[in-house]
Each structure stands twice: as structure tokens, then as C-alpha cells.
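One-based numbering, in listed order, for ligands and for the atoms of each.
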Amino acid sequence: MLDETIITKAIIDTYTKEFISNLKVDVIIAGAGPAGLVASKFLADAGLKTIIFERKLSVGGGMFGGGMMFNIIVVQDEAKKILDFYSIKNSEYEPNYHIADAVEAVSKLTAGAIDAGVKIYNLISVEDVKIDADNKVNGVVINWTAVEMAKLHVDPMTFESKCVIDATGHDSEVVKVVLRKIPEAKLYTKNGGIVGELPMNAEIGEKTLVETTKEIYPGLYVAGMAANACSGGQRMGPIFGGMLLSGEKVAQLIIEKLK
Ligand code: 48F
């Protein structure tokens with residue numbers, strides 16, 4: 001005998017209890033693409049309480065689609081260790097070009113994060129940041145993606161963290177909010193603002209990405225394509241090693257800072 005109201009209660013009760021327990025965490029990540037997923041696992045493995053807010057119904061960002069919907073990803077030698085770490089099957093196509101199944105990669109990166117203790121909230125968008133008296137970022141303002149899509153006039157709610165990672169991809173949405181809403185904000189970039197992403201060059205873009213992954217404003221870090229977009233790095237298309245290494249690097253930076 002199944003009682004529909006118990007099913008409903010189980011969902012609401014469990015979700016809200018966990019939601020409340022995550023109101024104050026160590027790290028909040030905006031975006032569950034490859035960079036955000038990898039960062040979250042390494043942070044959680046280091047004992048930092050980490051949550052991700054993901055706008056969409058599905059996690060994985062641009063990885064699921066491989067290149068132009070051919071759902072295979074390519075990873076170079078430097079990042080093969082991360083595929084192996086997650087037991088993502090891969091093989092060498094040519095020297096320095098390792099291929100893997102995009103769906104397997106997303107699934108295992110996601111499982112890795114969840115097994116490490118990360119809570120992923122899908123269907124929730126980060127729309128603003130919370131700041132302290134010195135304008136340092138110390139949390140995010142969120143709303144249901146459905147509210148955002150329907151343009152409903154519904155106030156958002158706020159979660160607090162010691163650090164925030166913008167892993168929102170090409171649009172670097174969290175960084176844009178900081179620039180828009182804190183007039184005196186200067187990013188740690190060559191022009192103090194968003195330099196903007198450069199056209200395709202996989203070789204340079206992948207190398208640059210590890211350098212552009214950093215704390216870009218007090219309390220706010222960038223990882224993945226958001227990092228190159230902010231600091232003027234090249235785009236690189238469906239080679240994903242840089243995204244994985246960027247996730248690893250941003251986690252190391254935050255671990256050093258917080259521990
Ligand atoms: O775009 P995405 O996969 O970012 P990434 O981890 O990886 C980039 C690659 O996929 C690809 C590439 C470059 O050529 O190799 O582009 O840097 O994942 C970003 C995720 O963030 C979510 C979005 O739905 C996606 O899943 N997202 C974007 N804005 C928000 C957000 C927001 N405001 N709040 C929450 N999630």
C-alpha cells in the first residue's frame with residue numbers, strides 16, 4: 001500500500017532539511033559543467049563543504065554534446081590522468097589525443113562529485129552575489145530557473161560561503177554581476193574588467209586556461225571557460241583537458257586559501 005502524501009512529504013521534508021543544512025558552506029559553485037564538477041570533487045575530498053547550483057535540468061554543461069553533437073570528447077596527455085582518476089574509459093587516437101565517451105565522462109564526473117559529498121542543486125540559477133562590508137563576495141543569491149524563465153516577479157534567496165566559483169562557462173555570469181553591481185569593482189585582469197574570449201586556438205587556449213583560472217575578485221574564483229572569457233584566453237572547442245585541469249587548479253587554490 002503506497003500513500004501518495006507520504007511520497008510527497010518524503011520529498012519536501014528531505015529536500016528542505018538538506019537545503020537548510022547547506023545555507024552556510026565553504027564553497028558554492030555556479031555551474032555543473034566539467035570545470036565545476038571536477039572542482040567540487042577535489043574540494044569535497046579535502047573536507048570542504050561544497051555545493052553546486054546548476055541552472056539546467058541536466059548537469060554536464062557543454063560536455064554531453066561532445067563536438068557538434070558527436071558525443072565524443074578529446075583530452076590531451078596532461079589531462080589523461082584525470083580521466084583515469086575517475087575511471088573514464090579512454091583510448092589514444094593519435095599521440096596526445098585521447099578520446100572518451102561524453103556521456104560516460106559526464107556521468108562519472110558527476111558520480112565522483114556526489115560520492116565525495118557534494119550536493120548538486122539542479123534547476124536553480126545564481127542571479128546575484130552576496131557581499132560583506134568590504135565588498136568581498138561571500139555567497140550567492142539564487143532563484144528557481146523556472147522563475148527566471150517565466151520572468152515572474154518572485155524574490156530570490158541567499159546562501160553563504162567562504163568562496164564562490166564562477167564555472168558558468170562562456171558567459172561568466174557571476175563575474176558579470178559583480179562588475180554590474182559593484183561600480184568600483186576591479187577584476188584581477190589586465191583591464192580590470194572582462195577582457196572577453198578570443199577566437200579558436202586549441203593549443204593556446206588550453207594552456208592559457210590553467211593560468212586564467214584564479215581568484216578574480218576577492219572571494220570570487222573563475223574556472224573553466226569562464227576563466228578564459230574573463231582574462232582574454234582563446235576558445236578551444238571540444239577538447240576538454242583544460243576544463244578538467246582548471247577544475248583541479250581552482251580547487252587547489254581554494255584549499256590552500258581555506259586550510
Ligand atoms: O558551459 P559549461 O560546460 O562550462 P565549463 O565547465 O566547460 C566549457 C565546455 O563545456 C565547453 C568548452 C569550451 O569550448 O570546452 O564550452 O567551463 O558549463 C557551465 C554550466 O553552468 C550553468 C550552465 O547551465 C552549464 O551547465 N550555468 C550557467 N549560468 C548559470 C549556470 C547560472 N547563472 N547559475 C547556475 N548555473
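- Here the protein heavy atom with the shortest distance to atom 21 (O) of ligand 1 is Gly31 CA, 3.2 Å.
- Backbone and side-chain nitrogen or oxygen atoms of Ser58 are examined, and none is located within less than 3.5 angstrom of a nitrogen or oxygen of ligand 1.
- Every heavy atom of Glu127 sits 4.0 Å or more from the atoms of ligand 1.
- Annotation: Val126 places an N or O atom under 3.5 Å from an N or O atom of ligand 1; distance criterion only.
- Of all protein heavy atoms, the one closest to atom 36 (N) of ligand 1 is Arg55 N, 3.1 Å.
- Neither the backbone nor the side chain of Pro238 has any atom closer than 4.0 Å to an atom of ligand 1 (non-hydrogen atoms only).
- A distance-only check finds no donor-acceptor pair linking the side chain of Asp134 to the backbone of Lys136 [under 3.5 Å].
- Protein heavy atom at the shortest distance from atom 18 (O) of ligand 1 is Gly33 CA, 3.4 Å.
- Here the heavy atom of the protein found nearest to atom 1 (O) of ligand 1 is Gly169 CA, 3.8 Å.
- Applying the 4.0 Å criterion to heavy atoms of His170 picks out, from ligand 1, the atoms 13 (C), 14 (O), 16 (O).
- At least one N/O-N/O distance between Gly62 and ligand 1 falls below 3.5 Å.
- Stacking of Lys81 on the aromatic ring of Phe85 is not recorded, the 6.0 Å distance cut-off and the 45° axial limit not both being met.
- The protein heavy-atom contact nearest to atom 28 (C) of ligand 1 is Thr168 CB, 3.5 Å.
- Of all the atoms in ligand 1, the ones that sit under 4.0 Å from a non-hydrogen atom of Ala167 are 19 (C), 20 (C), 21 (O).
- Of all heavy-atom pairs between Met63 and Ala105, the closest is SD-CB, 3.9 Å.
- With a 4.5 Å cut-off on side-chain heavy atoms, Ile182 and Glu184 count as touching.
- Distance check, rounded to the nearest 0.5 Å: OG1 of Thr110 to CG of Leu37 gives 4.5 Å.
- Proximity of Ile124 to ligand 1 is established by a heavy-atom distance of less than 4.0 Å.
- Ligand 1 has no atom lying under 4.0 Å from any heavy atom of Arg235.
- Counting heavy atoms only, Phe53 comes closest to atom 35 (C) of ligand 1 of the residues Phe64, Phe53, Tyr121, Phe240.
- Residue-ligand proximity, Lys56 to ligand 1, at heavy-atom distances under 4.0 Å covers atoms 24 (O).
- Closest protein heavy atom to atom 6 (O) of ligand 1: Ala35 N, 3.0 Å.
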Side-chain atoms of residues 225-243: list all donor-acceptor pairs with protein atoms under 3.5 Å, sequence neighbours left out, distances to 0.1 Å.
{"from": "Asn228", "atom 1": "OD1", "to": "Thr212", "atom 2": "OG1", "distance (Å)": "2.8"}
{"from": "Asn228", "atom 1": "ND2", "to": "Gly205", "atom 2": "O", "distance (Å)": "3.1"}
{"from": "Asn228", "atom 1": "ND2", "to": "Gln234", "atom 2": "O", "distance (Å)": "2.9"}

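- Atom NZ of Lys176 sits in a crowded spot, with more than 12 heavy atoms from other residues, nucleotides or ligands closer than 6.0 Å.
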Do any side-chain atoms of residues 250-259 form donor-acceptor pairs under 3.5 angstrom with protein atoms, and if so which ones, sequence neighbours left out?
{"from": "Lys257", "atom 1": "NZ", "to": "Glu215", "atom 2": "OE1", "distance (Å)": "3.0"}
{"from": "Lys259", "atom 1": "NZ", "to": "Ala46", "atom 2": "O", "distance (Å)": "2.3"}

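- When the shell of 6.0 Å around CE of Met157 is examined, it contains 12 or fewer heavy atoms from other residues, nucleotides or ligands.
- No continuous path of hydrophobic side-chain contacts links Leu187 to Leu209 [ILVMFWY only; heavy atoms under 4.5 Å].
- In this structure, Asn90 contributes its side chain and Ile88 its backbone to a donor-acceptor pair below 3.5 Å.
- The ligand atoms of ligand 1 that sit less than 4.0 angstrom from a heavy atom of Gly224 are 17 (O).
- Between Ser125 and ligand 1, not a single N/O pair is under 3.5 Å apart.
- More than 12 non-hydrogen atoms from other residues, nucleotides or ligands lie less than 6.0 angstrom from OH of Tyr15.
- Checking only distances, Gly237 does come within under 3.5 Å of ligand 1, N or O to N or O.
- The number of heavy atoms from other shown groups lying within 6.0 Å of OH (Tyr188) is above 12.
- Counting only heavy atoms of the protein, atom 17 (O) of ligand 1 lies nearest to Met225 N, 2.7 Å.
- In terms of protein heavy atoms, atom 26 (O) of ligand 1 is closest to Glu54 OE1, 2.7 Å.
- Taking 4.0 Å as the cut-off between side-chain N and carboxylate O, Asp26 and Lys49 do not count as a salt-bridged pair.
- Ligand 1 has no N or O atom lying under 3.5 Å from any N or O atom of Met236, backbone or side chain.
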